[in-house]
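Only a predicted model underlies this, so the values are computations on that prediction, with no experimental measurement involved. Protein chains get the first letters and strands the later ones, always in sequence-line order, with residue 1 at the start of each. Side chains included, hydrogens not; waters and symmetry mates left out as well; all remaining heavy atoms used.
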Amino acid sequence: MGKSVKEILIDGNGYACIQCGRCTGSCPSGRECSLRTRKLIHMARMGMDVIKTEELWDCTTCFTCQERCPKEVKTTDMIIELRNLAVEEGYFPTMSDVPKIIIKSLYDTGAGQPLSPEVSKIRAIIGLKKEAYDVSTNAETLKKFQRLLDGLEITKKGGLR
Amino acid sequence: MEEYAFFPGCIAKNVYPGIEKATRIVFEKLGIGLRDYEYSCCPPPGVLACYDKPSWLVMGARNLSQSEKDGLNPMTVCSGCYGTLHNVWYALKNDPDLMGFVNDHLGRIDAEYKGKVHPIHFVDILKNYKEKIAELKEIDLGLNVAVHYGCHYLKPSSVTGENSERPTLLDELVGLAGCKAVPFKDGLTCCGAGGGVMSGEPDVSLKIINTKLNNMKDANVDAIVNICSFCHMQFDQSQKKLKTTEIPVLHLNQLFGLAFGIRPKHLALHTHLVSTRDLEKKLKDLKKGGE
Amino acid sequence: MSDEWEPKIVGFLCNWCCYAGADMAGTSRMHYPANIRVIRVMCSSRINAEMIIKAFQTGADAVFIGGCHPGDCHYVDGNYRTKKRIDLLKRLIEHIGIEPERLRLEWISAAEGEEFAKTMKELRDDIKKLGPSPLREIAREAI
Amino acid sequence: MKRIGVFICHCGVNISNTVDVKKVVEEISKIPSVVACADYQYMCSDPGQDMIKKAIKENQLDSVVVAACSPRMHEPTFRATVSDAGMNPYCFEMSNIREQCSWVHLDGEKATKKAIDLVKSSVARASLLEPLVSQGVPVVPKALVIGGGIAGIQTSLDIANSGYKVYLVEKEPSIGGHMARFDKTFPTLDCAACILTPKMVDVARHPNIELLTYSEVESIDGSVGNFHVRVKKNPRYVDMEKCTGCGSCAEACRLAGRIASEFDMGLGKRGAIYVPFPQAVPLRYTIDPEKCLFLKHGKCGTSPKCADVCTTDAIKFDDKPEFVEFDVGAIVVATGFKEFSAELKPEYCYDKYPNVMTGLELERIFAPSGPTGGKPKINGKEPKRIVFISCVGSRDKKVGNAYCSRVCCMYIAKQAHLLKEKIPDADITVMYTDMRAFGKGYEEFYERVQKEGIKYRRGNAAEVYGQDGKLFVRAEDTLLGEPYELEADLVVLGTGLTPNPLAEGIGKLLHLSLSSDGFFLEAHPKLRPVDTVIDGVFLAGVAQGPKDIPDTVAQASGAASHVVNLLSKDEIFAEPTIAVVDEDACVGCKTCMLLCPFEAHEFDEEKGVMKVNAALCKGCGSCAAACPSGSIRMNHFTNDQIIAQLLEVL
Ligand SMILES: Cc1cc2nc3c(=O)[nH]c(=O)nc-3n(C[C@H](O)[C@H](O)[C@H](O)COP(=O)(O)OP(=O)(O)OC[C@H]3O[C@@H](n4cnc5c(N)ncnc54)[C@H](O)[C@@H]3O)c2cc1C
Ligand SMILES: Cc1cc2nc3c(=O)[nH]c(=O)nc-3n(C[C@H](O)[C@H](O)[C@H](O)COP(=O)(O)OP(=O)(O)OC[C@H]3O[C@@H](n4cnc5c(N)ncnc54)[C@H](O)[C@@H]3O)c2cc1C
Ligand code: SF4
Ligand code: SF4
Ligand code: SF4
Ligand code: SF4
Ligand code: SF4
Ligand code: SF4
Ligand code: SF4
Ligand code: SF4
């Protein structure tokens, strides 16, 4: 079980927020969409449904807001925690397929971005091994890796279990 | 010999192998050893940390544990990988309970992470080799470039210890290759790829990068130089989609590769979506002129 | 009246904060058990090992020290010194067989009457659970 | 054996409703040393007190115990009572059977038992109490004021007007502090010079004030009533007696107009010989030794121009530091503040663009004596689009300043108003976090400037950036929930007030504590805001914490009245409840010395033993508790007294 909104606020120093808006003003994403970092903190503190808002997923985790906050509110860390809670409560973002694909790829190959035959060819041409050395190089290691993932929540959330 | 565990990350090996290649060449020339390990994806903060932070911590710690018995610090060529591994290291170092939790899981596959090795970003190694790089330089590239630090190398500064508002390292490093870092509007903003936005909210992601690319274009740069495979992918792929700009994209190691006289093809520049042909031509002329 | 065993507690309270807090509990008529016997000192840092050991030797089941909150000390930082001394003493009394919980240090301000009353209740209940001080038995035998 | 009298109070029914007073009397009367024991309805009433006085005389009592309310309530009353009857007041002891007994326990039996224990314990203590005599210390009827800002000026004048001598020490060549830099002051828009300059002149002319400018306090010894002070007067290289302040030298100086003026925040220029500003007090010139050609290289052209033109022969290149020593009875610390260093907020690009300025710099732009002659010109041009940013370096934990600076909201309003007045078509926006306009007339002023067309947009600026020679400010309008950008010709940072690093040394000399914000700590935040825990040392102005001029002046007058109160006494009596070292037993380990927060211990090198300076000791007893050889006696709280009390209650 993850943290509650209240615990997230406490750990992230959210109760120190003075609603100055320096976070939103710093946010490269909010300029292009409806994300208002300050508002997320306000909603969380007022007990509103912050985890249901889609803007929660517009944050690129660039940390600019956290860097600029004069009250040391850990805005970005909190957004990440709030997303965890959202996932737990079933509020996936709109394009919910993508993460599932990535998680599956991760499980099957150890890589979120798997190697395609084309790139494999390029690797050979530029003088690299056709396939990189990684967790999938050794079948035994990959099995172990999958065993590790079997015991983690992420495979459940990714729909693999 | 100074030696590191090489953590290439998914993109440098599976999408832009030119980055892996350039890294191996540059580090060999510098006389720095790189050892390979059975790594998995870092895993990325966007999709993994946001979906299940505990899983992200465990998988990150597994990666960190790989080279611990050899005492080698993992070196990353991607600020995303660096961000993940560094944040995992930082969180575990400061929270014994979390360390215990992670090791309970790792114990299931006979692994353990003690926190003895920590990730290091490749630019933090290169900054100690400025003289050697200058020595190895065969061509003064003479390019006007837009440098992109990538968010997770700089921030949060409480964790990275970097000067997040006024970094200067890349300006100095590209200078070693005879290039000039041209200031451009909002030079430090995010490329828009992280946090799962590139995959989850592609429209927003493209808008962010579009603004950024146009700012670079306004500064009349010859190339974008990055230190992060993920940003590299965003810069290269999004230009193909947006079709408003056409600025060649180079990972810093590719830039050094060129300066060291490596042929562009060996650095896989021809596989980039944004053509590097004009850039290569410029360099060829330069070389001719020089000889 | 029940003959149930009640712990004997000695309290050393600093004049400026905790003693005033105890007074405040009085003025606000906050009730608490009558186990404590208070000795007023100017600063909690006046208390030394000799006094505390003596208290246990002569039959105290618990010793309570009350001072000002950090930063509020009338003598700048006396309470820091008290804290250091008491932490050390806790380890020491453990050596001679007294549970460290029997030595309790709290910061209570002049305004925290309620806190004082609450602490007195808690302390009495905790010590009741622990039972009579082991030293008290030894002391009695020695006499 | 001592003869002790015990008096037990009913407090109407406050005590006797719970505690069986008769039973207490019965038990206590059994104690052999108790030769008199009685109870009474109201012990503190006149008949109650008379009863005690009578008993003292009739029974030749050595000590008296009153069991009643808290000693924090009536100990002073009864000390006076016994004193009246000829007993030493320190032979009096009080038992608290009301606040800590009858009022907090419901069970009468247990409360009575506790009351008996407490009184027994007091009796045990009383039999060991000893008479103590307060030492009178003569008071030197003079005061030292450190810092010559408006706080120091006001304090000095108030003390001097009461007839006491004041030494006013100021580090800079002139008094005036920050206020001298302002053009107008909020909210009344008084001209700062018009209200400050007369006071500065009064200071210079006052027969009771000795002004020591360009000077530093080197050392302070002693204690309340009797401090010994040593002050270093830095060489000015101009003879103060001879200089008439004509200014010919400054005009002639080879470096005239080539050195950044500190007073003008670096915006204006001065020469190597200068006065900080035309109304300086004293109006005497000073040569900057770091810059002057002659002082640095021994040569200024063919001959030093300043000396050439000075008709009074005041230039004195061989000037040396001078030291003055004097005694004072009280000290006021009025060392003010330092403006927040704006480069610590790099996102506002203060260090990058000349048209990003701080509040204090803008004050100089407005001032008729300032670098632009009072014309609001930035780089020679009148700014039309102006953005103010509030809370720069205040309410900001990231830079370590958690507190609100209390003046910036209002000085921003003032400056916005002044700009609008001078540039009527200016477009002025204030980006703010919260508006704090709590003083008299402040809210009204805030309303007024909004009527004048100043835009207040809630939501503070996130960053400033430059593009193609233009300046932009980014923020979120938090009321609209919309991020936006504004182009600006001038960005003014509402920088806050931070502790003055120049005052650090003073704090150390006087053993002053700092509060968590880094300003000097007052003895009590509400009831003793001008005192410190060091007797005889007081605070005034921003040295104690951010405040505006009205509050500064009020506190300065408060500090002055405390000083006058102290100086008006011939002698002051320190509490005799202090630590005393038994020289025969002390092993010279110096354990005590490390503990004392007031540095009251002095080591006698000759005898190899410690001594306690009675004037400095505040009687915490910490050293007595720690002395490994048991040689420190804590008067009125001796080991024996405490242990005797302890044995009775167990
Ligand atoms: C930009 C700005 C605008 C303001 N506008 C207004 C306004 O309009 N109205 C208003 O009410 N308030 C205003 N204020 C607040 C006002 O400045 C202060 O309330 C006031 O100056 C405090 O006076 P002070 O004497 O305590 O401190 P200061 O003015 O700082 O004086 C302290 C003096 O002590 C001297 N000193 C320091 N250390 C030593 C030492 N060790 N030895 C000897 N001397 C020393 C200093 O040199 C200085 O002369 C403004 C503040 C700022 C920053
Ligand atoms: C709800 C509330 C809560 C507050 N909380 C705080 C707080 O937590 N902390 C804080 O610092 N401040 C607080 N304050 C402010 C605080 O109350 C005042 O600062 C303080 O009481 C002012 O004291 P005073 O002596 O000036 O006025 P008052 O307390 O009003 O005293 C004036 C006295 O003068 C008497 N009087 C009036 N006219 C005459 C006359 N003609 N002849 C004789 N006597 C007369 C009145 O009867 C009264 O006793 C609070 C205020 C309010 C309203
Ligand atoms: S910057 Fe910090 S204090 Fe300001 S609104 Fe954002 S989270 Fe709150
Ligand atoms: S971390 Fe997210 S919310 Fe914060 S500035 Fe970056 S994109 Fe915006
Ligand atoms: S002495 Fe104290 S307890 Fe006795 S009547 Fe007076 S106030 Fe009440
Ligand atoms: S010329 Fe002489 S008298 Fe005139 S100001 Fe200069 S030093 Fe003073
Ligand atoms: S000696 Fe020269 S430089 Fe120095 S103050 Fe005189 S004229 Fe100026
Ligand atoms: S006075 Fe206003 S501007 Fe200054 S710190 Fe306080 S709230 Fe911010
Ligand atoms: S601690 Fe005691 S023995 Fe040691 S120097 Fe001080 S007085 Fe003397
Ligand atoms: S009693 Fe306290 S103040 Fe006095 S000398 Fe000892 S430690 Fe210092």
Side-chain angles (χ1 to χ4, degrees), chain A residues 9-46 48-50 52-79 82, chain D residues 340 342 344-349 387-405 408-409 412 429-436 456-465 472-486 488 491 493-496 498:
Chain A
L9 277 165
I10 289 172
D11 289 356
N13 213 6
Y15 289 107
C17 171
I18 48 173
Q19 290 288 303
C20 68
R22 282 187 243 205
C23 44
T24 314
S26 302
C27 180
S29 186
R31 273 167 228 159
E32 315 287 359
C33 65
S34 56
L35 170 61
R36 302 289 174 263
T37 320
R38 171 195 56 77
K39 198 172 155 194
L40 293 179
I41 309 288
H42 183 62
M43 288 179 78
R45 291 204 302 198
M46 295 303 115
M48 295 168 178
D49 274 339
V50 63
K52 289 187 192 164
T53 59
E54 292 199 10
E55 297 95 277
L56 199 55
W57 299 89
D58 286 328
C59 163
T60 68
T61 69
C62 75
F63 282 101
T64 313
C65 50
Q66 186 159 324
E67 204 61 20
R68 296 264 173 83
C69 175
K71 301 295 278 186
E72 296 185 329
V73 179
K74 294 180 185 161
T75 41
T76 315
D77 290 347
M78 283 171 64
I79 287 172
L82 287 168
Chain D
F340 172 74
L344 297 177
K345 295 297 289 176
E347 58 265 46
Y348 295 145
C349 293
V387 172
F388 284 89
I389 302 177
S390 78
C391 307
V392 177
S394 314
R395 308 178 71 192
D396 190 334
K397 284 194 198 150
K398 207 167 172 231
V399 297
N401 300 333
Y403 57 87
C404 162
S405 284
C408 8
C409 271
I412 288 172
T429 306
V430 179
M431 296 181 181
Y432 70 104
T433 307
D434 297 297
M435 186 61 197
R436 298 190 169 167
Y456 272 78
R457 281 190 96 162
R458 198 183 178 287
N460 215 334
E463 60 190 9
V464 173
Y465 69 89
F472 298 87
V473 190
R474 261 198 189 114
E476 181 195 11
D477 183 320
T478 58
L479 298 176
L480 298 176
E482 281 304 323
Y484 68 106
E485 286 186 16
L486 279 187
V491 173
L493 306 180
T495 38
T498 64

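Heavy atoms closer than 4.5 Å to chain D are found in the backbone of Cys69(A), but not in its side chain.
Options Gly30(A), Ala16(A), Gly25(A) differ in how many heavy-atom pairs under 4.5 Å they form with chain D, and the most are formed by Gly25(A).
Thr60(A) is linked by a side-chain hydrogen bond (donor to acceptor under 3.5 Å, both in side chains) to nothing, counting only residues two or more places apart in sequence or in another chain.
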Below 3.5 angstrom, are there any donor-acceptor pairs between chain A and chain D, and if so, which atoms and how far apart?
residue	atom	partner	partner atom	Å
Gln19(A)	O	Arg458(D)	NH1	2.9
Cys20(A)	O	Asn460(D)	N	2.7
Arg22(A)	NH1	Tyr348(D)	OH	3.1
Thr24(A)	OG1	Glu476(D)	OE1	2.8
Arg36(A)	NE	Gly481(D)	O	2.5
Arg36(A)	NH2	Glu482(D)	OE1	3.3
Arg38(A)	NE	Glu476(D)	OE1	2.8
Arg38(A)	NE	Glu476(D)	OE2	3.3
Arg38(A)	NH2	Glu476(D)	OE2	2.7
Glu67(A)	O	Lys398(D)	NZ	2.8
Arg68(A)	NH1	Glu463(D)	OE1	2.8
Arg68(A)	NH2	Glu463(D)	OE1	2.8
Pro70(A)	O	Lys397(D)	N	2.6

